[in-house]
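Following: one structure in structure tokens, then a few remarks.
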Number of protein chains: 2
Amino acid sequence: MIQYILLGFLNYQPMTGYDLKRALDHSTGHFWHAYHSQIYTTLRQMEKDGLVTSQFVMGEGQPDRRTYTITEQGREMLSVWLSRPLTEAVSVKEELLVRLFFSGQRSNESILAELTVQREIHQQKLAEYRKMQQEMEEQAKCLPLPSLQRDSVFWMATLKMGMRYEQAYLDWLSETIQTVQSL
Amino acid sequence: MIQYILLGFLNYQPMTGYDLKRALDHSTGHFWHAYHSQIYTTLRQMEKDGLVTSQFVMGEGQPDRRTYTITEQGREMLSVWLSRPLTEAVSVKEELLVRLFFSGQRSNESILAELTVQREIHQQKLAEYRKMQQEMEEQAKCLPLPSLQRDSVFWMATLKMGMRYEQAYLDWLSETIQTVQSL
DNA sequence: GTGACATATGTCATTATTGACATATAATTC
DNA sequence: GAATTATATGTCAATAATGACATATGTCAC
């Protein structure tokens, strides 16, 4: 998966591993996390596979940088991947639900403490997404390239799903906290 | 993670790998999937670690079965895990959002086809969860052990999150389909 | 000047997960 | 009687992901 994400970004412009890590952290990282270790090793593998090329630039006054550029083969691979639609349910991994499922043996206080912390975490996430939405709407007014206008519709769509997810999570947490309190 | 799920089930009663696979598929599998291969290998490892013991029963008229029983150490490990609350955001993995994020280069038709299939998938999931909820509510009236009454509150809570998630997903899919149609 | 932080790139051992391959019996259906 | 499905348990190679360890420079504040 991470390989397609990297191709997706490199399809816009050449970037270094560090650039990519930052780009991910502010966008796709919210729905597909990656450590920098995974990014650097995947980029190396992709170079071996001919999906990208790299240029090492000795740092003059700055640390050395290795810039990766997508190849025609890389673009082709990204296109093929995008053209083959997801036709199955993706598997969800929700550790909190696993924990709650087996929480019959726990005290109400222990459970409530955990759910309350989670509510704070998801409130922060929602606030973060709302801020991102505002910033994105402002940036959309003055995009450097008109071709990015179309892209920004999809970026915004992913953000909207993030907000719906966080809102649903928050609503459920409040409901569940109430339920546990009344036990 | 899968290890704690297995301990969670074995904490109720001794079970075989096959039993566990079925139990997971009808419950926790909806928020933490596991192949039978992972279940069997994890059970073996857990036996080495002293978390479970196993009794092999030659099948008389039925296939051979290896029944796993949780040990005191296993119960302890489960308890410790449950008592250490999740205090961080769990990382989400949403392949559809990754795909949509980089879908600027795709045709509207291709995107709409994918979103429509996803809507059907999530509608089915929601229907499945609603059916499970009905069954659970009926079963709750005549539980074999009164101690399960408390547990069923948490099982129901996880199911409710599943329904909220699917509903949020469906609402977002409809919204996004409309957005793409109007491009 | 020194300590902290951002920039920048990597390695590596371990664990987790995937999904195909393999095997055998019993019951049911055609 | 042949095929299919459910029961039941495993192996294994490959991939993906985790998170610690390692290193070096530039900048800024104190």
Side-chain angles (χ1 to χ4, degrees), chain A residues 1-7 14-26 28-29 31-49 51-52 54-68 77 81 86 88-95 98, chain B residues 1-7 14-26 28-29 31-49 51-52 54-68 77 81 86 88-95 98:
Chain A
M1 191 70 234
I2 200 65
Q3 148 171 240
Y4 295 112
I5 297 174
L6 298 176
L7 287 175
M15 294 169 89
T16 68
Y18 192 80
D19 295 336
L20 284 161
K21 171 61 175 159
R22 276 194 307 185
L24 262 75
D25 284 348
H26 294 117
T28 55
F31 39 88
W32 204 287
H33 179 264
Y35 285 91
H36 78 268
S37 58
Q38 201 189 359
I39 292 171
Y40 285 114
T41 53
T42 304
L43 284 169
R44 278 298 170 100
Q45 187 56 50
M46 287 163 73
E47 189 172 19
K48 273 191 197 164
D49 297 342
L51 304 173
V52 296
S54 81
Q55 296 83 40
F56 193 75
V57 180
M58 301 291 261
E60 290 140 20
Q62 262 133 23
D64 302 343
R65 293 167 63 86
R66 184 180 294 277
T67 302
Y68 286 90
M77 188 159 169
W81 176 68
L86 256 189
E88 281 164 42
V90 292
S91 71
V92 175
K93 303 224 161 180
E94 282 281 2
E95 186 169 348
V98 175
Chain B
M1 190 70 231
I2 200 64
Q3 156 171 232
Y4 295 113
I5 296 174
L6 298 175
L7 286 175
M15 294 169 88
T16 69
Y18 193 80
D19 295 337
L20 284 161
K21 171 63 175 157
R22 276 194 308 184
L24 261 75
D25 283 349
H26 294 117
T28 54
F31 39 87
W32 203 287
H33 178 265
Y35 285 91
H36 77 269
S37 57
Q38 200 188 0
I39 291 171
Y40 285 114
T41 53
T42 305
L43 284 168
R44 278 298 170 99
Q45 188 55 50
M46 287 163 74
E47 189 172 18
K48 272 191 198 164
D49 297 342
L51 304 173
V52 297
S54 81
Q55 297 83 41
F56 193 75
V57 181
M58 301 289 263
E60 291 140 20
Q62 264 134 23
D64 301 343
R65 293 166 62 85
R66 184 180 295 277
T67 302
Y68 287 89
M77 189 160 169
W81 177 68
L86 257 189
E88 281 163 43
V90 291
S91 70
V92 174
K93 303 225 160 179
E94 283 281 0
E95 185 169 349
V98 175

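Below, chains carry the letters A, B, ... as their sequence lines are ordered, and counting in each starts from 1.
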Spacing between [X] atom [atom1] and [N] atom [atom2], to the nearest angstrom:
X       : N      : atom1 : atom2 : answer
A/His33 : D/dT18 : NE2   : P     : 7 Å
A/Ile2  : D/dA16 : CD1   : C1'   : 10 Å
A/Lys21 : C/dG10 : NZ    : P     : 16 Å
A/Gln45 : D/dA14 : CD    : P     : 13 Å
A/Leu20 : C/dT7  : CG    : C1'   : 15 Å
B/Arg65 : D/dA6  : CZ    : P     : 17 Å
B/Tyr40 : C/dA20 : OH    : C1'   : 16 Å
B/Gln38 : C/dA20 : CD    : P     : 15 Å

### Query
NA contact type, B/Ser37, heavy-atom cut-off 4.0 Å: base, sugar-phosphate, or nothing?
base
### Query
Is it true that a side-chain atom of A/Lys48 and a backbone atom of A/Leu43 form a donor plus acceptor pair closer than 3.5 Å?
no
### Task
May I ask you to decide if B/Val90's main-chain N or O and A/Glu95's side chain share a donor-acceptor pair within less than 3.5 Å?
no
Does [N] have OP1 or OP2 under 4.0 Å away from a side-chain N or O of [X]?
X       : N      : answer
A/Arg22 : C/dA6  : no
B/Arg44 : D/dG10 : yes
A/Arg66 : C/dT9  : no

### Query
Between B/Thr67 and B/Gln55, does any side-chain donor sit less than 3.5 Å from a side-chain acceptor?
no
### Task
Using only heavy-atom distances, determine whether the side chains of B/Ser54 and B/Arg66 contain a donor-acceptor pair under 3.5 Å.
yes
### A/Phe31/A/His33 under ring pair (Phe, Tyr, Trp, His ring centres under 6.0 Å): CA gap, chis, key distance, verdict
CA-CA 6 Å; A/Phe31 39 88; A/His33 179 264; over 10 Å; no
What nucleotide, of [options], holds the atom closest to the side chain of [X]?
X       : options                : result
B/Tyr18 : D/dG19, C/dA8, D/dT9   : D/dT9
B/Ser91 : C/dT18, D/dT18, D/dT11 : D/dT18
A/Tyr35 : C/dT11, D/dG19, D/dA8  : D/dG19
A/Tyr68 : D/dT7, C/dA8, C/dG10   : C/dG10
A/Thr41 : C/dT9, D/dA17, C/dT11  : C/dT11
B/Thr16 : D/dT9, C/dT17, D/dT7   : D/dT9

### Summary
Residue pair B/Gly17/A/Gln3 against DNA chain D: nearer the 5' end by closest nucleotide is B/Gly17
#### Entry: 5′-ward residue of the pair B/Phe56/B/Lys93 relative to DNA chain D
B/Phe56
### Message
Any heavy-atom pair between the side chains of B/Tyr40 and B/Lys21 that's under 4.5 Å?
### Response
no
### Message
Please report the end-to-end axis angle for the helix from C/dG1-D/dC30 to C/dC30-D/dG1, five pairs per end, rounded to 10 degrees.
### Response
30°
### Trace of the side chain to side chain contact (heavy atoms under 4.5 Å, CB included) decision for A/Asp19 with A/Arg65
CA-CA 10 Å; A/Asp19 295 336; A/Arg65 293 167 63 86; 3.1 Å; yes
### Task
For side chain to side chain contact (heavy atoms under 4.5 Å, CB included), just list the numbers for B/Met77 and B/Gln3, CA-CA rounded to whole Å, side-chain angles, deciding distance to a tenth of an Å, and then say yes or no.
CA-CA 10 Å; B/Met77 189 160 169; B/Gln3 156 171 232; 3.8 Å; yes
